[in-house]
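Letters go in sequence order (proteins before strands), and every chain restarts at 1. From a predicted model like this one, the values you see are computed outputs, not experimental measurements.
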Amino acid sequence: MTAISASAVPAAASPDPDGAVLHRPVIDWFDAHARDLPWRRPEAGAWGVMVSEFMLQQTPVNRVLPVYEQWLARWPRPADLAAEPPGEAVRAWGRLGYPRRALRLHGAAAAIRERHGGDVPRDHAQLLALPGVGEYTAAAVASFAYGQRHPVLDTNVRRVFARAVGGAQYPPNATTAAERKLARTLLPDDEPTAARWAAATMELGALVCTARTPDCARCPIASLCAWRQAGSPEHDGPPRRGQTYAGTDRQVRGKLLAVLRGTVTPVPQATLDQVWDEPVQRARALDGLVSDGLVEPLSGGLYRLPLT
DNA sequence: TAGGCGTGGCA
DNA sequence: TTGCCAAGCCT
């Protein structure tokens with residue numbers, strides 16, 4: 001079996017320059033093994049897809065599921081969310097993490113109401129212009145909700161391509177132009193197949209071609225995988241970027257916001273002071289939350305989630 | 001572009 | 001136990 005080459009060989013020299021040999025096995029595998037997730041059901045609609053994409057940014061599926069259901073039940077349309085204060089979005093976000101996403105989702109809902117008549121736009125550029133929507137999310141909504149043909153490059157897809165095509169255990173830390181070019185090259189020509197391919201490659205990365213212990217025995221393209229053919233070499237070079245957390249401002253921000261999420265009553269400074277004993281860092285974290293719009297300072301040293 | 005930004009499960 | 005990791009975005 002021949003590996004799919006990512007190198008810049010002339011098309012005539014490559015047996016499968018567009019990777020078409022990968023499409024059928026990956027999509028067939030997806031048809032047989034895809035998870036039944038609520039945002040994949042037809043009734044989810046574009047808004048359901050968009051909400052799920054915001055929540056799934058850096059947060060695992062299992063933690064998203066209950067919050068997603070509550071969110072859609074409470075705010076079934078963008079205008080429903082836009083009608084409430086941003087602080088309610090932050091409160092409903094719960095412990096999903098990165099609460100700025102809640103603020104941005106609220107802002108996206110407001111923009112959808114104002115600029116798009118309350119309907120999630122279909123156009124990639126219009127999606128990209130919404131707060132909190134980057135290259136990945138715009139492509140994902142356009143592809144999953146509207147069946148369009150866009151390269152969808154998330155961490156799962158990048159890992160699948162790095163292994164199957166690039167022969168490496170992991171993709172680069174930051175997405176490269178070469179990865180974008182490869183994703184465009186591998187994208188099936190017709191819209192419905194391209195949309196299927198996007199979902200299928202993501203699912204393959206999430207369920208089989210996982211970061212730590214890939215289950216190659218269940219992989220539909222194991223025989224084509226460049227990384228396997230190279231003997232599954234371990235990652236070498238600089239260490240992959242890790243994230244520290246304990247003792248950082250992020251941890252303090254999380255504790256402060258948890259207090260404010262727990263009550264609709266404005267909270268005195270003295271109460272917030274109890275979550276962290278180092279005053280300089282504590283003040284810096286609270287200032288950061290205020291400047292991010294996640295916390296609203298009131299007169300008299302009181303704080304609450306933002307009403308505006 | 002490198003770093004900041006939450007949270008919790010798992011090996 | 002302690003890193004590593006999870007459907008990124010923004011500055």
Side-chain angles (χ1 to χ4, degrees), chain A residues 30 34-35 37-40 44 48-68 90 93-105 107-108 127-145 150-160 169-177 179 183 195 198-207 209-214 235 238-261 275 281 284-285 287-289 291-295:
Chain A
F30 183 65
R35 290 167 292 180
L37 300 170
W39 43 86
R40 288 179 176 162
V49 171
M50 173 170 280
V51 170
S52 77
E53 292 302 336
F54 271 77
M55 292 183 173
L56 288 164
Q57 291 168 5
Q58 302 284 281
T59 303
V61 166
N62 284 339
R63 209 133 41 88
V64 165
L65 282 168
V67 183
Y68 172 87
V90 174
W93 199 252
R95 306 187 66 79
L96 286 182
Y98 292 145
R100 291 192 290 196
R101 292 181 294 166
L103 224 45
R104 290 170 183 156
L105 181 52
L127 287 164
L128 196 56
L130 298 172
V133 176
E135 191 63 38
Y136 161 76
T137 301
V141 172
S143 181
F144 302 152
H150 294 282
V152 176
L153 259 190
D154 79 322
T155 187
N156 291 303
V157 176
R158 294 181 61 223
R159 187 174 55 249
V160 169
Q169 186 179 21
Y170 297 116
N173 277 335
T175 305
T176 63
E179 287 182 276
T201 47
M202 282 180 65
E203 192 78 337
L204 186 62
L207 297 183
C209 194
T210 55
R212 293 188 202 181
T213 53
H235 171 78
R240 313 181 66 213
R241 188 154 65 96
Q243 28 183 359
T244 55
Y245 181 65
T248 62
D249 287 7
R250 295 160 76 173
Q251 185 180 20
V252 185
R253 287 165 57 106
K255 288 178 176 295
L256 291 169
L257 211 54
V259 172
L260 295 169
R261 275 199 311 265
V275 308
Q281 187 178 29
R284 186 173 63 233
D287 285 349
L289 288 170
S291 60
D292 284 348
L294 285 163
V295 171

- Task: Would you classify A/A140 as touching base, sugar-phosphate or nothing, given that sugar-phosphate means primed atoms plus P, OP1 and OP2, and contacts are heavy atoms under 4.0 Å?
- Result: nothing
- Using whole Å, report how far CG of A/L130 lies from P of C/dC10. 10 Å
- Note on the structure: Between A/R212 and A/P131, the residue closer to the 5' end of DNA chain C by nearest nucleotide is A/R212
- Message: Please report the distance separating the C1' of C/dT1 from the corresponding atom of B/dG8, rounded so that it comes out in whole Å.
- Response: 15 Å
- Span that lies between the C1' atom of B/dG6 and that of C/dA6, in whole angstrom: 12 Å
- Query: So, does the side chain of A/R250 form a donor-acceptor pair with the base of B/dT7 at under 3.5 Å?
  - Reply: no
- Query: Is A/L96 touching bases, backbone alone, or none of the nucleic acid, heavy atoms closer than 4.0 Å?
  - Reply: base
- From CE of A/M55 across to C1' of B/dG8 the rounded distance in Å is 17 Å
- Task: Name the nucleic acid region contacted by A/W93, choosing base, sugar-phosphate or nothing; use a 4.0 angstrom heavy-atom cut-off, strictly under.
- Result: nothing
- Message: Main chain of A/W39, side chain of A/S52: is a donor-acceptor contact present, judged purely on distance under 3.5 Å?
- Response: no
- Query: Which part of the nucleic acid does A/Q251 contact within heavy-atom distance under 4.0 Å: base, sugar-phosphate only, or nothing?
  - Reply: nothing
- Message: At less than 4.0 Å, is any side-chain N or O atom of A/Q58 found next to OP1 or OP2 of C/dG8? Yes or no.
- Response: yes
- Looking at every strand, decide which applies to A/Y170 at a 4.0 Å heavy-atom threshold: base, sugar-phosphate, or nothing. sugar-phosphate
- Round to a whole Å and report the spacing from CG of A/L294 to P of B/dT7. 11 Å
- Message: Under 4.0 Å from OP1 or OP2 of C/dC9: is there any side-chain N or O of A/T137 that close?
- Response: yes
- Message: Looking at A/E179, is its backbone amide N or carbonyl O close enough to the side chain of A/R158 to form a donor-acceptor pair, meaning the two atoms are under 3.5 Å apart?
- Response: no
- Item | side-chain contact (heavy atoms from CB on, under 4.5 Å) between A/L153 and A/E135, worked out | CA-CA 8 Å; A/L153 259 190; A/E135 191 63 38; over 6 Å; no
- Message: Measure CG/A/L128 against P/C/dC10 and give the value in whole Å, please.
- Response: 8 Å
- Side-chain donor/acceptor of A/R101 to backbone N/O of A/G132, under 3.5 Å: no
- Query: Checking only heavy atoms, does the side chain of A/T155 share a donor-acceptor pair with the base of C/dG8 at less than 3.5 Å?
  - Reply: no
- Message: Any side-chain N or O of A/Y98 below 4.0 angstrom from OP1/OP2 of C/dG8?
- Response: no
- Query: What is the distance from CZ of A/R104 to P of B/dG6, rounded to the nearest Å?
  - Reply: 10 Å
- For C/dC10, does either OP1 or OP2 sit under 4.0 Å from a side-chain N or O belonging to A/R100? no
- Between CG of A/L65 and P of B/dG9 the distance, given in whole Å, is 14 Å
- Check whether any side-chain nitrogen or oxygen of A/R101 sits under 4.0 Å from OP1 or OP2 of C/dA6, and answer yes or no. no
- Given DNA chain C, 5'-ward residue of the pair A/A138 and A/R63, judged by closest heavy atom: A/R63
- Query: Which whole-number value in Å describes the distance from A/Y245 OH to B/dG9 C1'?
  - Reply: 15 Å
- Does any N or O in the side chain of A/Y170 come within less than 3.5 Å of the main-chain N or O of A/A211, such that one atom is a donor and the other an acceptor? yes
- Message: Checking the side chain of A/E53 only, and the main-chain atoms of A/V133 only, is there a donor and an acceptor separated by less than 3.5 Å?
- Response: no
- Message: Suppose you measure atom P in B/dA2 against the same atom in C/dA7; what distance do you get, rounded to whole Å?
- Response: 22 Å
- Message: Need one value for A/R158: base, sugar-phosphate or nothing, where a base atom within 4.0 Å counts as base even if backbone is also close, heavy atoms only.
- Response: nothing
- Check the distance between B/dT7's P and A/D249's CG and give it to me in whole angstrom. 13 Å
- Message: Does A/R284 reach a base, just sugar-phosphate, or nothing at all? Heavy atoms under 4.0 Å.
- Response: nothing
- Hey, does the side chain of A/R284 reach the backbone of A/D249 with a donor-acceptor pair shorter than 3.5 angstrom? no
- Message: Heavy atoms only, 4.0 Å cut-off, all strands: where does A/V133 land among base, sugar-phosphate and nothing?
- Response: sugar-phosphate
